[in-house]
Amino acid sequence: MISLAFFAERYESAKSSISEDLGILRRTFMIRGTGVLETLPGAGGGVIFTPGISEKEATQFISDVKKRLTEPNRILPGGYVYLTDLLAEPGLLRTIGRMIATQYSQSSIDVVMTVATKGIPIAQSVASFLNIPFVIVRRDSKITEGSTISVNYASGSSDRIEKMELSKRSLDEGSRVLVVDDFMKGGGTINGMRSLIHEFNAIFVGVTVFAENALIDPEVRDTDVTSIFKVKDIDQENKIINIENGDYLAKTDFSYFE
C-alpha cells in the first residue's frame, strides 16, 4: 500500500490531481492487461498495484514460444530439450513471471521456492512480481548456507535416491510456499521439495513449471502441478519435438485482470 500523500509530496501536486492521474493509469493498465491498480479511500488508504497478464496475451505468448520449442536443434542426448537460451531472455522471463504471478495473485504466498540451478531465473522473476522472497534448494552443502535441513527423495527420472537441502534460516515455520521450476521430467524433484517444505513445518501452496514431460504416470503426477507446456514426444532420429499446451490456461482465473 502506497499512500496518496507519498505521491503528492514526491511530485509536489495536490491529492486531487494525483487521484485523476491514478484513474488514467488504472484504465490504461486494464486495457493493456498490465495489471490492476486499486485505490482504497480513507485516512489509512492509498493505492495498490497488482501485476498480471490478460488471457489474450498469455495465449499469444504460449503460441509464440511453442514454435521456438519445436526447433530441431533443441533436442539433446537422452531425450532432453534445450531451454537455457529461452530462460536467459529477460523479456521472456518477465512474461513467465507475470503469468505465474497472475495464477496466484489471489492466493496468500510468503515465499517462492526452486531447486538449483535452472529454476532460479524463473523463481526470481515470479518473486519480483509477487514482491516476496525466493529460496534456493541445493543438492550439495555450501558453507555459506550455515546449518541445513535435508531430505532424501526418489528421482522420478533415474530411479535413484537423491538428497536435497535448504538452509535453516531460509524458511520460517508456517510460511506459505509456491514451488516453481523449469522442467519436470519424472516428478521426483517436486516431491522432494514438497517433503522439504513439510520438514520446515511450512505450507505447500502449489507448483508451476515452465514445461513437463507429458508421459508422466497420472498416478505419480502431483495434482497440484501446473505446467505452461508439455513435451509429448521427442523423435531424436528425425529431429521432431511434439509440444502441447500445458494446463496453465485452464487453471488460471484471468477475470481479475480483464
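For reference, positions follow the sequence shown, starting with 1.
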Begin from the C-alpha positions of Met184 and Thr189 and carry the test side chain to side chain contact (heavy atoms under 4.5 Å, CB included) through to its verdict.
CA-CA 8 Å; Met184 183 176 74; Thr189 302; over 6 Å; no
Please step through side chain to side chain donor-acceptor pair (under 3.5 Å) for the pair Glu212 and Ser227, ending with a clear verdict.
CA-CA 6 Å; Glu212 70 167 310; Ser227 63; 2.7 Å; yes
For Val177 and Ile109: C-alpha separation, side-chain torsions, deciding distance, then whether side chain to side chain contact (heavy atoms under 4.5 Å, CB included) applies.
CA-CA 6 Å; Val177 185; Ile109 299 173; over 6 Å; no
Would you check, one step at a time, whether the test side chain to side chain contact (heavy atoms under 4.5 Å, CB included) holds for Ile132 with Val112?
CA-CA 7 Å; Ile132 57 176; Val112 177; 3.7 Å; yes
Apply the test side chain to side chain contact (heavy atoms under 4.5 Å, CB included) to residues Leu130 and Leu178: give CA-CA distance (whole Å), side-chain angles for both, the deciding distance (0.1 Å), then the verdict.
CA-CA 11 Å; Leu130 291 177; Leu178 167 63; 4.3 Å; yes
Name each donor-acceptor pair under 3.5 Å that joins a side chain in residues 35-52 to protein atoms two or more places apart or in another chain, with its distance.
residue	atom	partner	partner atom	Å
Glu38	OE1	Tyr256	OH	2.6
Thr39	OG1	Arg26	NH2	2.7

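Linking ILVMFWY residues whenever their side-chain heavy atoms come closer than 4.5 Å, directly or via other members, leaves Ile241 and Ile216 in distinct clusters. A chain of hydrophobic side-chain contacts below 4.5 Å, direct or via other Ile, Leu, Val, Met, Phe, Trp or Tyr residues, connects Phe204 to Val209. In terms of hydrophobic clustering, with Ile, Leu, Val, Met, Phe, Trp and Tyr side chains grouped at heavy-atom distances under 4.5 Å, Ile2 and Leu22 are assigned to a common cluster. Met164 and Val111 fall within a single hydrophobic cluster, where Ile, Leu, Val, Met, Phe, Trp and Tyr are joined by side-chain heavy atoms under 4.5 Å apart, directly or via other members. Val115 and Leu87 end up in different hydrophobic clusters when Ile, Leu, Val, Met, Phe, Trp and Tyr side chains are linked at under 4.5 Å.
Geometrically, Lys168 does not engage Phe200 in a cation-pi contact, judged by NZ or CZ lying under 6.0 Å from the ring centre and within 45° of the ring axis.
Residues Thr34 and Phe257 fail the side-chain proximity criterion, which asks for heavy atoms closer than 4.5 Å. The side-chain heavy atoms of Ile122 and Ile100, taken from C-beta on, include a pair separated by under 4.5 Å. Between Ile243 and Thr70 there is a side-chain heavy-atom pair separated by less than 4.5 Å. No side-chain heavy atom of Leu166 sits less than 4.5 Å from a side-chain heavy atom of Glu199.
Screening residues 60-75 for salt bridge (charged side-chain N to carboxylate O under 4.0 Å, His left out), with sequence neighbours left out, gives Arg68-Glu89, Glu71-Arg74, Arg74-Asp85. For the ring-ring contact (aromatic ring centres under 6.0 Å, His included) condition, no pair includes a residue of residues 95-142, sequence neighbours left out. Within the structure, every pair that satisfies the salt bridge (charged side-chain N to carboxylate O under 4.0 Å, His left out) test and touches residues 235-258, not counting sequence neighbours, is listed here: Arg221-Asp247, Lys232-Glu244, Asp247-Lys251. Sorted by first and then second residue, the salt bridge (charged side-chain N to carboxylate O under 4.0 Å, His left out) pairs involving residues 14-23 (not counting sequence neighbours) form an empty list.
Nearest heavy atom pair, residue Gly192 against residue Tyr153, reads CA-CB, 3.8 Å. Among all heavy-atom pairs drawn from Glu165 and Ser150, the shortest one is CB-CB, 3.7 Å. Heavy atoms only, all atoms of each residue included: Glu145 and Ser167 are closest at O-OG, 2.8 Å. Across every non-hydrogen atom of Asp181 and Gly119, the tightest pair is OD1-CA, 3.8 Å. In this structure, Ala202 and Leu171 approach most closely via the heavy-atom pair CB-CD2, 4.0 Å. Minimum heavy-atom separation, Ile18 to Ser13: CD1-CB, 4.2 Å.
When atom types are taken as modelled, the side chain of Thr102 and the backbone of Ile53 share a donor-acceptor pair closer than 3.5 angstrom. Counting only distance, with no hydrogens or angles, the side chain of Ser63 and the backbone of Thr59 share no donor-acceptor pair below 3.5 Å. Between the side chain of Arg176 and the backbone N or O of Val205, no donor-acceptor pair lies under 3.5 Å. Asn238 places no side-chain N or O within donor-acceptor distance of the main-chain N or O of Ile240, the cut-off being under 3.5 Å. With Thr252 contributing its side chain and Tyr248 its backbone, the two residues share a donor-acceptor pair below 3.5 Å. Looking at Asn242, its side chain never comes within 3.5 Å of a backbone N or O of Asp233 through a donor-acceptor pair.
Salt-bridge annotation for Asp224 and Arg194: present, with a side-chain N of the basic residue lying under 4.0 Å from a carboxylate O of the acidic one. For the pair Glu57 and Arg32, the salt-bridge criterion is not met [side-chain N within less than 4.0 Å of a carboxylate O].
Note that NZ of Lys142 is 4.5 Å distant from CG of Asp140, once rounded to the nearest 0.5 Å. Asp182 CG to Leu86 CG: the interatomic distance, rounded to the nearest 0.5 Å, is 11.0 Å.
With sequence neighbours excluded, no residue satisfies side-chain hydrogen bond (donor to acceptor under 3.5 Å, both in side chains) with Lys56.
For Phe210 and Phe229, the gap between ring centers is short of 6.0 Å.
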